[in-house]
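Below is one structure; the comments refer to it alone.
Numbering of ligands and ligand atoms starts at 1, following listing order. Keep in mind it's a predicted model, so treat the numbers as computed, not measured. Only this structure's heavy atoms are used, side chains among them; waters, hydrogens and symmetry mates stay out.
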Amino acid sequence: MILTLHDNSGLLSEEKLSDLTKKNLHYLDSLDSLDWLMPLERDMLEACEWFGRVTSQDADVLIVIGVGGSNRAARAVYDCLGSKSGTQIEWVGLNYSAKEMNRLLERIRGKRVFVNVIAKNFKTLEPGLWFRVLRSWLREEYGDEEYNSHIICTGTPGSDLYELAQENGYIFVDFPEDVCGRYSAFTLVSLLPLAIAGLDIQEMINGANFMRTALEKADENNPALMLATARNYLYENGYKMEMLSFFEPSLERFSKWWTQLFAESEGKDGKGLYPVVGSFTEDLHSIGQYIQQGEPILYEIFLNVLSSEDRRIDLTDIPDGFEYLDGKTLNDVNKAAYRATLATHSKRFPCFEIDVVSLDEFVFGELFYFFMFTCCLSAKMLGVNPFDQPGVESYKEKTISDLKANI
Ligand code: PA5
């Protein structure tokens with residue numbers, strides 16, 4: 001992974017960023033205890049891989065129930081790379097939509113189903129409600145004697161979910177107490193569903209370890225320190241939005257993970273950059289206009305995948321006005337659109353380019369680690385606590401108290 005600054009707007013040169021970053025070196029020491037970000041130990045990983053292999057043999061479908069940080073990292077990887085074991089994952093517990101629920105129950109009819117409910121303390125209503133419905137479905141399908149072996153609970157020991165699992169004989173695995181949802185990419189919260197889908201979780205951890213070593217460098221070339229410094233500098237200079245853009249739509253779920261990470265970690269105390277996403281080229285035909293000529297409140301980070309699958313564009317004997325496509329591939333065109341976008345946008349505001357070699361488990365491990373580390377550093381610079389979400393909690397509590405009061 002390589003981070004490069006492109007700025008022809010005159011606001012932020014490489015020299016300037018390097019000077020600013022040097023002044024922020026001490027922030028690296030403020031992250032003294034990142035033990036919670038340490039990827040799983042090898043024996044736990046092997047146990048997780050084994051459990052994934054065994055479960056996938058009996059499961060056509062794994063239903064993951066969880067909301068927010070309880071599913072976004074795993075879903076980012078799954079939606080991009082797909083299932084390699086044959087077990088398909090359904091992601092639910094994200095809303096109260098009867099339509100979504102009815103459709104899901106239709107889709108799973110006649111299939112062999114396992115459920116992984118993921119909730120840190122099991123107070124959140126969305127996963128609680130979906131778990132109740134799917135528990136009933138499993139009981140009807142497999143009977144009282146067998147249904148419990150189809151339920152895997154991921155929660156904190158001592159929580160309501162833990163008690164429920166103990167009382168009813170569900171499988172229980174740990175959601176580490178010192179890790180909040182949006183930082184759980186390297187815990188069983190994410191790794192267990194990915195292992196069941198046959199994805200290479202060992203490679204994901206290798207990517208995270210590789211990035212961890214790179215970010216230990218205490219100098220002005222540390223890419224996380226550079227980006228965290230730039231974010232805060234641009235924010236202080238009137239930029240209110242940070243946009244993550246990419247030319248590969250299978251990164252859309254990754255961008256949802258990224259959005260949550262920064263919005264929940266930094267958007268508090270009346271402060272914080274608002275994270276937005278550009279899925280290009282589609283969004284160039286909508287928000288692309290605002291980016292180019294609207295109010296100058298955003299700067300951009302491009303996630304650039306250097307090598308991906310390709311396809312030659314068909315030749316045609318029907319003149320269609322696109323003769324300049326002859327002999328080219330889809331990637332030739334996508335890269336041309338990327339270069340043109342970067343060139344035009346960087347005339348207006350600073351743009352960062354993050355190059356990744358390809359899209360695979362290793363790269364996702366690198367990206368998760370890089371952004372989580374950057375986010376913690378950046379929140380320290382901003383002076384906010386990256387690990388709480390009082391705004392989200394107040395919505396949860398109000399909904400529950402209104403329901404209890406029958407409002
Ligand atoms: O990142 C977070 O901590 C939050 O987004 C939570 O993951 C989300 O609110 C769900 O909470 P819980 O796992 O307790 O159901």
Side-chain angles (χ1 to χ4, degrees), residues 34 36-37 63-78 89 91-97 115-135 151-165 170-194 253-269 272-275 277 367-369 371-376 378-379 384-401 403:
L34 278 183
W36 55 269
L37 197 45
I63 302 177
V64 174
I65 306 174
V67 71
S70 291
N71 75 13
R72 288 198 174 193
R75 192 169 181 186
V77 182
Y78 178 85
I89 303 188
W91 308 89
V92 305
L94 306 164
N95 48 51
Y96 309 111
S97 161
V115 164
N116 181 195
V117 55
I118 308 173
K120 188 156 184 177
N121 55 21
F122 202 54
K123 300 276 186 227
T124 309
L125 187 51
E126 289 93 337
L129 186 154
W130 279 78
F131 186 35
R132 179 190 280 199
V133 174
L134 288 163
R135 223 164 46 226
I151 296 177
I152 307 151
C153 300
T154 308
T156 45
S159 65
D160 289 355
L161 188 57
Y162 177 81
E163 300 299 334
L164 201 65
Y170 310 145
I171 300 159
F172 184 86
V173 298
D174 274 6
F175 191 138
E177 209 145 353
D178 54 348
V179 181
C180 62
R182 59 193 174 277
Y183 293 94
S184 65
F186 304 126
T187 71
L188 292 176
V189 169
S190 304
L191 298 175
L192 194 63
L194 291 177
R253 277 286 157 191
F254 177 78
S255 69
K256 280 201 161 239
W257 171 83
W258 173 89
T259 301
Q260 188 213 0
L261 176 70
F262 284 96
E264 264 192 341
S265 299
E266 287 197 324
K268 54 195 72 161
D269 304 341
L273 283 159
Y274 187 88
V277 167
L367 288 173
F368 287 139
Y369 197 95
F371 280 119
M372 290 194 278
F373 191 94
T374 303
C375 188
C376 291
S378 179
V384 297
N385 175 4
F387 305 121
D388 66 1
Q389 57 282 327
V392 176
E393 299 307 329
S394 65
Y395 135 75
K396 290 186 191 177
E397 282 157 20
K398 174 87 175 110
T399 309
I400 293 169
S401 67
L403 281 167

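- With sequence neighbours excluded, the residues forming a ring-ring contact (aromatic ring centres under 6.0 Å, His included) with F172 are Y162, listed by chain and number.
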Check against side-chain hydrogen bond (donor to acceptor under 3.5 Å, both in side chains), T154 and N116: CA-CA 7 Å; T154 308; N116 181 195; 3.1 Å; yes
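- The ring-ring contact (aromatic ring centres under 6.0 Å, His included) check on W130 picks up nothing, with sequence neighbours excluded.
- Within 6.0 Å of atom NZ in K256, 12 or fewer heavy atoms from other residues, nucleotides or ligands are found, so the atom counts as exposed in its surroundings.
- F262 and W258 have their aromatic ring centers within a separation under 6.0 angstrom.
- A distance limit of 4.0 angstrom between heavy atoms and ligand 1 selects the residues V67, G68, G69, S70, A119, K120, N121, T124, C180, G181, R182, Q260, E264, Q389, K396.
- For residues 118-132, every residue pair satisfying the salt bridge (Lys or Arg N to Asp or Glu O under 4.0 Å) rule, not counting sequence neighbours, is listed here: K123-D160.
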